[in-house]
Amino acid sequence: MEKLAYNHEIIERKWQHYWREHKTFKTNSAEDKPKYYVLDMFPYPSGQGLHVGHPEGYTATDIMARFKRMEGYKVLHPMGWDAFGLPAEQYALKTGHNPREFTAQNIKNFKRQIRSLGFSYDWDREINTTDPNFYKWTQWIFEQMYKKGLAYEKETLVNWAPDMMGGTVVANEEVVNGKTERGGYPVYRVPMKQWMLKITAYADRLLDDLDLIDWPESIKEMQRNWIGRSTGASINFKVENTDEEIEVYTTRPDTLFGASYMVIAPEHKLVKKITTDAQKAAVEAYEKKIETKSDLERTDLNKDKTGVFTGAYGINPVNGEKLPIWIADYVLASYGTGAIMAVPAHDQRDWEFAKKFDLPIKPVIEGGNVEDAAYTDDGVHINSDFLDGLDKPTAIQRMLDWLEDKGVGKKKVNYRLRDWIFSRQRYWGEPIPVIHWEDGETTLVPEDELPLKLPAAKDLQTSGTRESPLANLKDWVNVVDENGRKGRRETNTMPQWAGSSWYYLRYIDPKNNNQIADQDLLKEWLPVDLYIGGAEHAVLHLLYARFWHKVLYDLGVVPTKEPFEKLVNQGMILGDNHEKMSKSKGNVINPDDIVDQYGADTLRLYEMFMGPLTESVAWSEDGIHGSEKWIERVWRLMIDENNHLRDRVTTINDGSLDKVYNQTVKKVTEDFEQLHFNTAISQMMVFVNDCYKASALPLTYMEGFVKMLSPVVPHVAEELWQLLGHDGTITYEKWPTYDASKLEEATVQIVLQVNGKVRSHLKVAKDTDKAELEKLALADPTLQEWLSDKTVRKVIAIPNKIVNVVAN
RNA sequence: GCCGCUGUGGCGGAAUUGGCAGACGCGCUGGACUCAAAAUCCAGUUCCCUUUACCGGGAGUGUGGGUUCGACCCCCACCGGCGGCACCA
């Protein structure tokens, strides 16, 4: 019985200890080497601990970090904690504890788990968004935005979730189908004074600069759709018998002759002014109905349009026609001007509304049948005076010219993107550093008084109003200035997205007390070369971070327009039943169990081998067992049962492994570069299979192989490296190179086809020319047999590849 | 409904300027080793037909069509799965 000396527990503990003691992965900015900044999306340290999905992305970045170190780069590879957030506050409200202790415990557990996987983070750069030394700078950025007018207070309709944690406001992005994204609480639209960030001021740049970065097309497309730039026209309609005008936004000014009524949003500021006495009761009843509905209920009305006539009429500027003005909630107050001209013949929504309320439908473009549906395609304009006979683009331009000429309208760009609602009625977030004074003045907390610390709260209670629990902490909330003027601190805190919008900058210089980070260091390390995380952050985090980065760019703080040069989304790891892992389905895998049973190296290897990084794959217990077996097979190849290097590993090279070794170096190097870890690993498996067939294993090949192995399974590789006779770590050893001449063969195999089907093969000298190939192919006995009853019509010969004979 | 991605053996997956489909792994089958089993090593493994065996033949990358000497790959239409958006005028 052969006993295996490999023991993952001992080896992994040994090397994790070694790396920690020697600070093996400490980044030294002063080194004169090219830089590589590889970043993970930092986790929210939840009470559940690490999920097997985390190590997938983390292993991928760790492979790149280790690979690049061996290629001679200085590598920045940090980790930290996105530690403000809802669950901690909920737990605190329930138990009366402060979320700080709970969060600290969770971080401790997360860190233990992450360390157990052997990732090569520089832990001296660990950051934590809830650390006052960190959020000092989150607050500082907010203050810069305030000074530039990018942070402002506004009475606005917000997404109020009264059942969520004693009531809180959530951002548009956090509302899904009229319910909160987390927890699924109903959301209502209520007016409330809120802090807003003017992300819309950056809409164009956020859209256009997507072309500068190497991100998955799907994510770019999602951001483009989210920003939703549209070009159209704003047109002014006079309201009959008043001095009022209604400005509408439309992308189809060419259909102005087909307008048959107008709609303004129920919240539009002119509703009260223009409603006639006769319609007043009906309008007010409708407004009331809308107000008490949640967004969910409003969405449910999707199929069934509602609205009410105001009694007023607008005048179509192009032909003087009288158009009835309605209010309806299918027109949104928050988009465009909150008012539209309705062209039911060529807009499906207007068409549905017109059908329901029996309003006229007047076609102005040929094609389609407006009795059945709105016709939205291009066509020849009719019933449109000076636009008759034109196509859509020409008619749009002609109408724009006419509107501008008459001064009743102009070209206008609109965005689906809204300003970012930035306040939350919560305790566990960064305090917004603002004081509201009794005389009505609002001031920032002076920069030299930052951080404005979150006060300790022994027993967290909801305020009972729409304010955060901070409102209860009178000592903190109430302030008096040197002149005796009384003031009250802002009780709203920042959303969880605040810290994550800039944390990647702090890793560059995490202990700096005077600025976000040293200017020279920012120049040195930005942008992030590779950023890996889940696709669930496609719009929220990644759009906010780009926005903040651009603000900081304008302030001269960061030197690049974009923060993340290359982005990759790892796929999801599903349960073994191909469903999303969840407690209720009972298919959750805990990384701790896998590390205990198989070791970190096996888990890392398995997660990289199971499929392409970007795809979702189902967990398989057999698969992980296979990875364990392969690690043991590698071990056994080189090491005997007494834990000594086998005699087969020698300085003699009989040449039998030359080709496969050089192929392996080439493929692994290229595949790692492209993050194709599964195929890189399979090539290493091919190499090992060949090694088992070889009589001697050249030492240099074994060394090169262990180096290639080390980014994936670093603990085993370090141990093998030592057994190969080296001291210290393999981390900074030089990455192997390959000899291209060893890859070339003097002869190549040519495929012989008849009518596209493979019939035979031919061995010929490399680069044999077309004519010669054709001759050889036609002389091939097997092929002759196939051609015996046929006439050769054509021969296609491709050197080094194929000969195809067409015959019948 | 709109936008994006995706579909290959029993399973995870390979294969791209269009040139031998199924690398590698799992599983399965057989052999060696063993008193035996496990582990290990070696061999085989897309399906169907043919054959004692060897050798052969046919079909085949979601479905139907097309381009091409040649298509998993390019084009058109359709079906299924995943993700995003969802009255944005």
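- Scanning atom types as modelled, one donor and one acceptor separated by under 3.5 angstrom connect the side chain of A/Asn804 and the base of B/rC69.
- Within the 4.0 Å cut-off from OP1 or OP2 of B/rC3, not a single side-chain nitrogen or oxygen of A/Arg224 is found.
- An OP1 or OP2 oxygen of B/rC2 is reached within less than 4.0 angstrom by no side-chain nitrogen or oxygen of A/Asn225.
- One N or O donor and one acceptor, one from the side chain of A/His761 and one from the base of B/rC20, sit under 3.5 Å apart.
- Applying the 4.0 Å criterion to OP1 and OP2 of B/rA39, one finds that A/Arg636 has every side-chain N and O outside that range.
- Atom name C1', nucleotides B/rG62 and B/rA53: the rounded distance is 39 Å, in whole Å.
- Among the heavy atoms of the strands, none lies under 4.0 Å from A/Arg793.
- Note: CD1 (A/Ile798) to P (B/rU68) measures 17 Å, nearest angstrom.
- For A/Lys629, a side-chain nitrogen or oxygen approaches OP1 or OP2 of B/rC26 to under 4.0 Å.
- Judged purely by distance below 3.5 Å, without hydrogens or angles, the side chains of A/Asn800 and A/Asp767 pair a donor atom with an acceptor atom.
- At least one side-chain nitrogen or oxygen of A/Arg759 sits closer than 4.0 Å to the OP1 or OP2 atom of B/rG58.
- Base pairing of B/rC47 is made with B/rG58, judged by Watson-Crick or G-U wobble geometry with both donor-acceptor distances under 3.5 Å.
- Put simply, A/Thr679 has no side-chain N or O that comes within less than 4.0 Å of OP1 or OP2 on B/rG13.
- The side chain of A/Asn689 places no N or O atom within less than 4.0 Å of a non-bridging phosphate oxygen (OP1 or OP2) of B/rC42.
- Of the side-chain N and O atoms in A/Tyr692, none sit less than 4.0 angstrom from OP1 or OP2 of B/rC42.
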